[in-house]
Structures are given as C-alpha cells and as structure tokens.
Amino acid sequence: MNETPRGPRYQQISRQLKAAIEQGELVPGKRLPASRVYAQELGVSRATVEAAYGELVAQGWLERRGQAGTFVSAGVVPGPVATESVWYGGEQPEPQPFQMGLPALDLFPRAQWARVMGRRLRTQTRFDLALGDVCGEAGLRTAIVEYLRFSRSIECLPEQVFITTGFAASMMLILQTLGKVGDKIWLEDPGFPLIRPLIARQGMTLCPIPVDDEGLCVEAGLQRAPDARFALLTPAHQSPLGVALSLPRRHQLLDWAAHREAWIIEDDYDSEFRYQGKPLPPVKSLDAPQRVIYAGTFSKSLFPALRTAWLVVPLPQVAAFREQASLAACGVPLLWQMTLADFIREGHFWRHLKKMRQHYAQRRQWLEQTLVEQGFSVVPQQGGIQLVMTVEGDDRELARRGRAARLAVQALSDWRIDSRGKSGLLMSFTNISSLAMAQQQVRMLAAIIK
Ligand SMILES: Cc1ncc(COP(=O)(O)O)c(C=O)c1O
C-alpha cells in the first residue's frame, strides 16, 4: 500500500471518513459506497479502501451488514468516541438490570474496607503526604506478587509490577513504552470493544483475529499478520465467549512471540471467578521467553471505583517501563494503595473472593435457570461474571429494544469486528440478588424480545 508523508493512504482515507462522521456529514445508518466504486473515485486500489473501512469497523465507526454493504454504525454520535451501545456504565447511580462490568455492589464488605482505610488514615505520618513511587507503592506491589504466586502460579518481583488506574491506563503504558505508530496488534474478534478506540488513537493498526472454541485462532493471526508487534487477548476466559485458550495455542503463541520478538498482552480481567474445574495456568506462568505482559485489575474482584489495576512486565523491560511511568505520577492515591495492600495482606481480599465465588455461582444459576425456563439458550461457560445467550435475528435491534426498556443487555454483534457467527445478547448476573429478581428481569426481557 502506498505511503505518503502523512502515513499510509488507507489511514488518510479512514481519518477523512471519521471526520465526516464526527461532523455529522455521514449520519448513522448511512450506506458507504462499495469499495470498488469508492476506490475508482479516489484513484486508489480497492484493497486500500477495504483497509480503511476495516479499520473503522474495528473502531466501531462503521459496521458491515453482509451483502447489504458497509454502513455508518447506528450507535455513533458526533464526537470522538462512539460507544452508545457498548459502555462500562457509570452514569447511572444504580446498576441497571444485566449491566456488565460490575461486581456485586451489595456484597462488598464496605465496613471492613472503611476500618482498614480509617486505620491507615489515622496512622499516616507526614511522609505519607508526599508523592509516592511513580510505579506504585512497594507494599502494594509486594502484596500483588504474593497474591499472584499463590493464586496464579506467577513468579515475579515487586519491581516488575506497575500500578495503574485501570486497564486503559495499563494499555497506554504498554503501547507508549513498547509500541510505535503503525505497529500491528492482534485483537480477539469478537472481543472487548471499549479498548479499541484507545489503541487506534495510539496509531496502531488493529488486526482482528477470530476466536473459536479453543480461544484466539493463533494460526489465523500467523497468516494475517505474522509481523504484528502485539497480541492482546483474554486467555483464561475469553471476553465475551468464555472459552479458555488451549494449551497447544498458548505454546504456539509464545513460540511466535519469541521468534518474532512480539509482545503478548495477557488481559486476566476476571480469572478469579471460576466455578468448576481447575483453570489452566496463565500464559505469563509459561513465559520463559519473557514476551508476556500480564494485566490484572481490581475492578471485578473488589470494585471499579477503586480505579486500581496492575501490570507485570518482563524483567528486561522494567527500566523502560519505569522511564515511561516517570513521565506522570502514579494516578492511584497513596492512601488507597496502602489500604489495598493492608486489605490483601490481612486476608480480607482472599476471604472476599472465596465468598464471591459462591455468590456468583448461585446468581449465575438463578439467571441461567430462568433464561432456560423461558426457552432461551445460554452459551456454556466455566467462569466469569457475564453470560451470553444466543438469539435469532438481529441482536443489535434486540439490544436496542432492551435498552429502551432500561435493560442493559449488549449485542454480541457490537463486540465483533469482521467475524460472523451467532447472534447473541451479553448480560451480567452479578447484581441479581434473588431468584425472584432473576425471574422478574427475564420476564421483562422476554416480553421485549419474543
Ligand atoms: C475484557 C476486560 N478487560 C479489562 C477490564 C478492566 O477494566 P478496568 O481495570 O479499567 O476497570 C474489563 C472491564 O470491564 C474487561 O471487560
């Protein structure tokens, strides 16, 4: 593809199209010209137009509707980030029914947390008022090292751990430390959509790689973009389909990364929650070639307002990460980091996880059983805090109807980039606190979509 001083031609085209959408010239639902026709108009190859369309599909600005063509996504609103239909939530004071990305807010031991934080607050010294380590407090990093050794068989040193304000901040730190504009990154398709615009903003080229019942199809990645610099994936429990990356694929991925000097970003966002069987060890625990960057978060295991996540980086990269992290202070306040370290060290974190596993198994069963009784079919998953239910027809339309009735279901199609497959609705069960509540919510859903 031809390159100019302003970057590859396809990126110029995709920037122009994006600007037209942002400024409202191209409205949601508008069909774009067929790539062949548009290519002739612009005097470029069809592949160039296809690459521009593909990038905008990956970022959520456009959607493909099979034979009908490529359209401006129905959910986009003028403005830089288009996520009307897929969102973390947070604007609403109370969780909406089925809202994803939230742990059980009713079960967090707030009194215990307040005691631990109150003690820290009372015993603070004047030195605790200064700026802490830019990479995170030593006490918290040590507590995370011990937790990872015990629960995930990951052996690392505190200096390999970097504290951030969440997965997005973790990704920024990785890409700014190790990436450069134009680098390719494998992404799971379907996969977590909220992170895509941020990666695209860093100037990376998103390469969607399909997922099957063994997880990310490494073979497809090797064929489509063997020269990628990064692979971002959720090996423990693929988001959203819930499959685990098979052991042969874990080895294949590591071999590729070692051979090509690429980086594997292992997003282990909800591996704490598994209800049957023993989980496979994380890719990080097999990382003899030192190509894996492990990303964890407390958003699911504790609560999202904590805004605390972490990275474990390979030892040879610690200095580069530290240099990048030093450009800004650590975003998590010292008092919170110290409280969290105490909370883990004193065993409250571990006890909370144990309790939550039981509650989530129960809440999931309430929702699953109720959906099945209503004639819906649920994709089997061994863990996690969300469910996928398969549906017939246009899942985006069903999700839109659900949202209009304040049911926060999401369409599986909105998590896809190029992949085709079953239609589905994604939903969480974490805040369903009784069988009666599950029945009431599922009845509302059934009334809307049946
Ligand atoms: C796939 C995935 N990765 C990571 C995260 C964690 O995000 P954060 O730490 O910013 O809350 C989430 C949260 O919803 C997620 O779904």
Side-chain angles (χ1 to χ4, degrees), residues 60 81 83 85-92 95-96 98-105 108 136 140 144 152 161-175 185-199 206 208-209 211 215-216 230-245 264-274 282-284 293-312 330-332 336-337 340 360 381 383-388 408-410 412 414-417 426-431:
V81 178
T83 52
S85 51
V86 179
W87 76 116
Y88 277 112
E91 308 84 5
Q92 311 287 341
Q96 287 185 290
F98 307 124
Q99 185 172 324
M100 307 225 305
L102 278 183
L105 301 183
F108 184 72
L140 178 56
I144 291 174
R152 306 294 284 141
V161 177
F162 288 74
I163 306 297
T164 72
T165 54
F167 180 57
S170 295
M171 282 301 296
M172 290 282 282
L173 181 57
I174 297 171
L175 298 180
I185 174 166
W186 295 1
L187 296 180
E188 292 168 320
D189 182 10
F192 185 52
L194 286 178
I195 204 65
R196 291 181 209 148
L198 180 127
I199 299 173
L206 313 187
I209 308 297
V211 173
L216 181 97
F230 299 96
L232 168 60
L233 67 167
T234 48
H237 181 243
Q238 202 272 331
S239 174
L241 299 177
V243 290
L245 186 71
I264 299 166
I265 306 171
E266 177 170 33
D267 175 8
D268 208 23
Y269 67 109
D270 75 351
S271 64
E272 290 89 357
F273 303 114
R274 188 165 164 121
V283 182
K284 182 71 200 163
I293 298 149
Y294 176 93
T297 176
F298 290 109
S299 287
K300 310 286 187 271
S301 53
L302 292 174
F303 56 97
L306 189 57
R307 298 317 313 139
T308 310
W310 72 88
L311 288 178
V312 179
C330 178
V332 186
W336 286 79
Q337 293 191 54
L340 185 46
Y360 286 155
Q381 301 202 8
I385 57 171
Q386 61 208 34
L387 281 184
V388 185
V409 289
Q410 296 188 19
L412 179 55
D414 280 328
W415 287 51
R416 292 189 187 280
I417 307 175
L426 314 182
M427 53 181 71
S428 168
F429 47 81
T430 48
N431 284 285

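Note: hydrogens, waters and symmetry copies are ignored here, and every other heavy atom, side chains too, is used. Every number for a ligand or one of its atoms is a count from 1 in the order of the listing.
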Quiz prompt | N or O contact, Ser239 vs ligand 1, cut-off under 3.5 Å | solution = no
Self-check item: Pair Thr164, Ser170: side-chain N/O donor-acceptor within cut-off below 3.5 Å
Solution: yes
Quiz item: Is the closest side-chain heavy-atom distance between Gln337 and Thr308 below 4.5 Å?
Solution: no
Quiz item: Is there a nitrogen or oxygen of Thr234 sitting under 3.5 Å from a nitrogen or oxygen of ligand 1?
Solution: no
Exercise. Apply side chain to side chain contact (heavy atoms under 4.5 Å, CB included) to Phe192 and Thr234, showing your working.
Key: CA-CA 9 Å; Phe192 185 52; Thr234 48; over 6 Å; no
Practice problem: Within a distance under 4.0 Å of any heavy atom of Gly166, pick out the atoms of ligand 1 and give their elements. | Solution: 9 (O), 10 (O)
Exercise. Pick one of side chain, backbone, both or neither for how Arg307 approaches ligand 1, counting any non-hydrogen atom pair under 4.0 Å.
Key: side chain
Quiz item: Considering only heavy atoms of Phe192, which atoms of ligand 1 have at least one such atom less than 4.0 Å away?
Solution: 1 (C), 2 (C), 12 (C), 14 (O), 15 (C), 16 (O)
Self-check item: Considering all heavy atoms, the nearest Ala104-Thr430 contact
Solution: CB-O, 3.3 Å
Quiz item: Knowing that exactly one of Leu412, Ile417, Val388 qualifies, which makes a side-chain contact (heavy atoms from CB on, under 4.5 Å) with Pro190?
Solution: Leu412
Exercise. Would you mind listing which atoms of ligand 1 come within a distance below 4.0 Å of any non-hydrogen atom of Asp267?
Key: 1 (C), 2 (C), 3 (N), 4 (C)
Practice problem: Output all residues satisfying side chain to side chain donor-acceptor pair (under 3.5 Å) with Tyr360, sequence neighbours left out; order by chain, then residue number. | Solution: none
Exercise. Consider every N or O of Phe167 and every N or O of ligand 1, then say whether any pair is closer than 3.5 Å.
Key: yes
Self-check item: Partners passing side chain to side chain donor-acceptor pair (under 3.5 Å) against Arg416 (at least two apart in sequence or in another chain)
Solution: Ser419
Quiz item: Can an N or O of Lys300 be found at a distance shorter than 3.5 Å from an N or O of ligand 1?
Solution: yes
Quiz item: By number and element, which atoms of ligand 1 are closer than 4.0 Å to a non-hydrogen atom of Ser299?
Solution: 8 (P), 9 (O), 11 (O)
